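Fair warning: this is a prediction, and the values are worked out from it, not measured in the lab. Side chains included, hydrogens not; waters and symmetry mates left out as well; all remaining heavy atoms used.
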Amino acid sequence: MAEWFNNWLDTLYNTFIVSNRYQTIIDGLLKTLQITVGALIIGVIIGTIVAIVKVFCEGNKKLKIFDIICNIYLTVIRGTPVVVQLLIMFFIVFSFADDGTWVATLTFGINSGAYVAEIIRSGIRAIDVGQMEAGRSLGFSATKTMWLIILPQAFKNILPAIGNEMIALLKETSVAGYVAVVDLTKAGNQIKNTTYDQINPILLVALIYLTIVLLLTKLLKMLERRLRKSER
C-alpha cells in the first residue's frame with residue numbers, strides 16, 4: 001500500500017509539477033471562469049431585452065414582427081446544440097478570428113440568453129399586474145415602469161434561477177476547446193497527451209468542476225435564505 005501511494009505521488013509529480021504543468025491547469029481554470037462570467041453577462045442582457053420585447057408584444061399587433069424575430073431566435077438557439085453553434089460562429093461567422101476566447105464568450109452568451117429570457121419572462125409574469133397599473137397612474141411610461149418597478153422585483157425573484165443558469169453555463173464551457181481555446185478541460189487534455197497519464201489530469205479537472213459547482217450551490221442556498229428573510 002505504501003509503495004502504491006509513493007508511486008502515485010511520483011506520478012502526480014511527473015504529471016503536474018515537472019515543467020510547471022500545473023500552471024496550464026490554473027490558466028485553463030481562469031479562462032473557463034472568464035468565459036463563464038462574460039457569457040452570463042451577455043446572456044442576462046440579451047435575455048432581459050428578449051423577455052421585455054416578448055411581454056410588450058403580447059396582444060399588440062403593431063409589435064408582431066419583433067415577437068416573430070424573438071421566437072425565431074429562441075427556436076434556433078434552443079433547438080441546436082451549443083457545440084454546433086460554437087463551430088458555426090468560429091469557422092463561419094467569425095472565420096477571421098485569431099483568438100477563440102471572445103468568440104466562445106459571445107456564443108455561450110447568445111445561447112444562455114435564450115434560456116435566461118424565459119427565466120426573466122416568468123419572473124415578470126409573476127409580478128402582479130397592478131404594479132404596472134400603479135406605475136402608469138404615477139405618470140410613468142410603460143417602458144419606464146418596466147425598468148424602474150417591474151424588473152427590480154422580477155430580478156429579486158429569479159436570482160436563484162440565474163445562479164443555476166451560471167452553474168449550467170460553467171459546465172457547458174467545457175466544449176470551448178473545439179475552437180482552440182485552452183479552457184480547463186482542454187488544459188487537462190493537453191497534459192494527458194503530453195505525459196501519457198490517462199487518469200490524473202482528467203480526475204483533477206472533474207474535481208475542480210465539482211468543487212466550483214458545490215461552492216456556487218452553497219452560495220445560492222445562502223442567497224435564497226437571505227431573500228426569504230427579506231420578504232418577511
Side-chain angles (χ1 to χ4, degrees), residues 32-60 63-64 66-79 82 85 102 104-173 209 212-232:
T32 291
L33 295 176
Q34 174 189 342
I35 294 174
T36 301
V37 173
L40 184 66
I41 293 173
I42 295 173
V44 169
I45 293 173
I46 293 177
T48 301
I49 294 173
V50 172
I52 291 174
V53 171
K54 291 283 292 179
V55 169
F56 280 143
C57 285
E58 293 177 1
N60 192 332
L63 300 177
K64 186 67 175 177
F66 296 105
D67 188 45
I68 293 174
I69 293 173
C70 288
N71 286 334
I72 292 174
Y73 161 72
L74 294 173
T75 301
V76 171
I77 296 301
R78 298 174 69 181
V82 66
Q85 297 168 19
W102 67 269
T105 303
L106 179 62
T107 303
F108 287 120
I110 293 173
N111 179 271
S112 179
Y115 297 93
V116 172
E118 292 304 306
I119 294 174
I120 295 177
R121 191 159 74 99
S122 65
I124 293 173
R125 284 280 142 240
I127 303 300
D128 193 293
V129 67
Q131 297 287 326
M132 176 63 76
E133 296 173 354
R136 298 304 300 275
S137 67
L138 292 173
F140 292 159
S141 64
T143 303
K144 198 169 184 179
T145 302
M146 178 64 71
W147 282 107
L148 297 179
I149 298 177
I150 305 299
L151 277 180
Q153 298 180 68
F155 270 113
K156 181 180 178 181
N157 294 333
I158 64 173
L159 272 177
I162 295 294
N164 288 326
E165 173 61 22
M166 185 175 184
I167 292 175
L169 190 57
L170 171 72
K171 292 182 287 186
E172 287 178 356
T173 59
Y209 274 116
I212 297 174
V213 169
L214 290 176
L215 287 174
L216 289 176
T217 302
K218 181 68 174 179
L219 290 174
L220 280 175
K221 289 182 179 179
M222 292 172 60
L223 176 62
E224 289 177 5
R225 283 198 296 267
R226 292 194 63 178
L227 290 176
R228 283 197 296 266
K229 288 181 181 178
S230 66
E231 291 174 355
R232 293 175 183 172

With a 3.5 Å cut-off and sequence neighbours excluded, list the donor-acceptor pairs that the side chains of residues 146-153 form with protein atoms.
unit_1: Gln153; atom_1: NE2; unit_2: Gln131; atom_2: OE1; d: 3.1
unit_1: Gln153; atom_1: NE2; unit_2: Ile149; atom_2: O; d: 2.9

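Residue-environment remark: CZ (Phe66) stays at or below the threshold of 12 foreign heavy atoms within 6.0 Å.
Among Thr173, Ile42, Ile110, the single residue meeting the side-chain contact (heavy atoms from CB on, under 4.5 Å) criterion with Thr105 is Ile42.
Listed for the Gln85 side chain is no donor-acceptor partner under 3.5 Å among the backbone atoms of Thr107. Remark: the backbone N or O of Phe108 is not paired with any side-chain donor or acceptor of Ser112 at under 3.5 angstrom.
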- Message: Between Ile120 and Phe155, does the side chain to side chain contact (heavy atoms under 4.5 Å, CB included) criterion hold? Intermediate values first, please.
- Response: CA-CA 7 Å; Ile120 295 177; Phe155 270 113; 4.0 Å; yes

- Message: What verdict does the side chain to side chain contact (heavy atoms under 4.5 Å, CB included) test give for Leu220 and Met166, after you've listed the backbone C-alpha separation in whole Å, the side-chain angles of each residue and the deciding distance to 0.1 Å?
- Response: CA-CA 11 Å; Leu220 280 175; Met166 185 175 184; over 6 Å; no

- Query: Would Asn157 and Ile127 satisfy side chain to side chain contact (heavy atoms under 4.5 Å, CB included), going step by step from the backbone distance to the final call?
  - Reply: CA-CA 9 Å; Asn157 294 333; Ile127 303 300; 3.7 Å; yes

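Once rounded to the nearest 0.5 Å, the distance linking CD1 of Ile124 with CZ of Phe56 reads 8.0 Å. To the nearest 0.5 Å, atoms CG (Asn164) and CG (Leu216) are separated by 10.0 Å. Taken to the nearest 0.5 Å, the CD1 atom of Ile162 stands 12.0 Å off from the CD1 atom of Ile167. For the atom pair Ile46 CD1 and Ile41 CD1, the distance stands at 12.0 Å (nearest 0.5 Å).
The side-chain heavy atoms of Val44 and Glu165, taken from C-beta on, include no pair separated by under 4.5 Å. At least one side-chain heavy atom of Ile68 sits less than 4.5 Å from a side-chain heavy atom of Lys64. Here the side chains of Leu223 and Leu219 are not in contact, with every heavy-atom distance at 4.5 Å or above. Looking only at side-chain heavy atoms (C-beta outward), Asp67 and Glu58 stay at 4.5 Å or farther from each other.
In terms of heavy atoms, Leu63 sits closest to Cys57 at O-SG, 3.2 Å.
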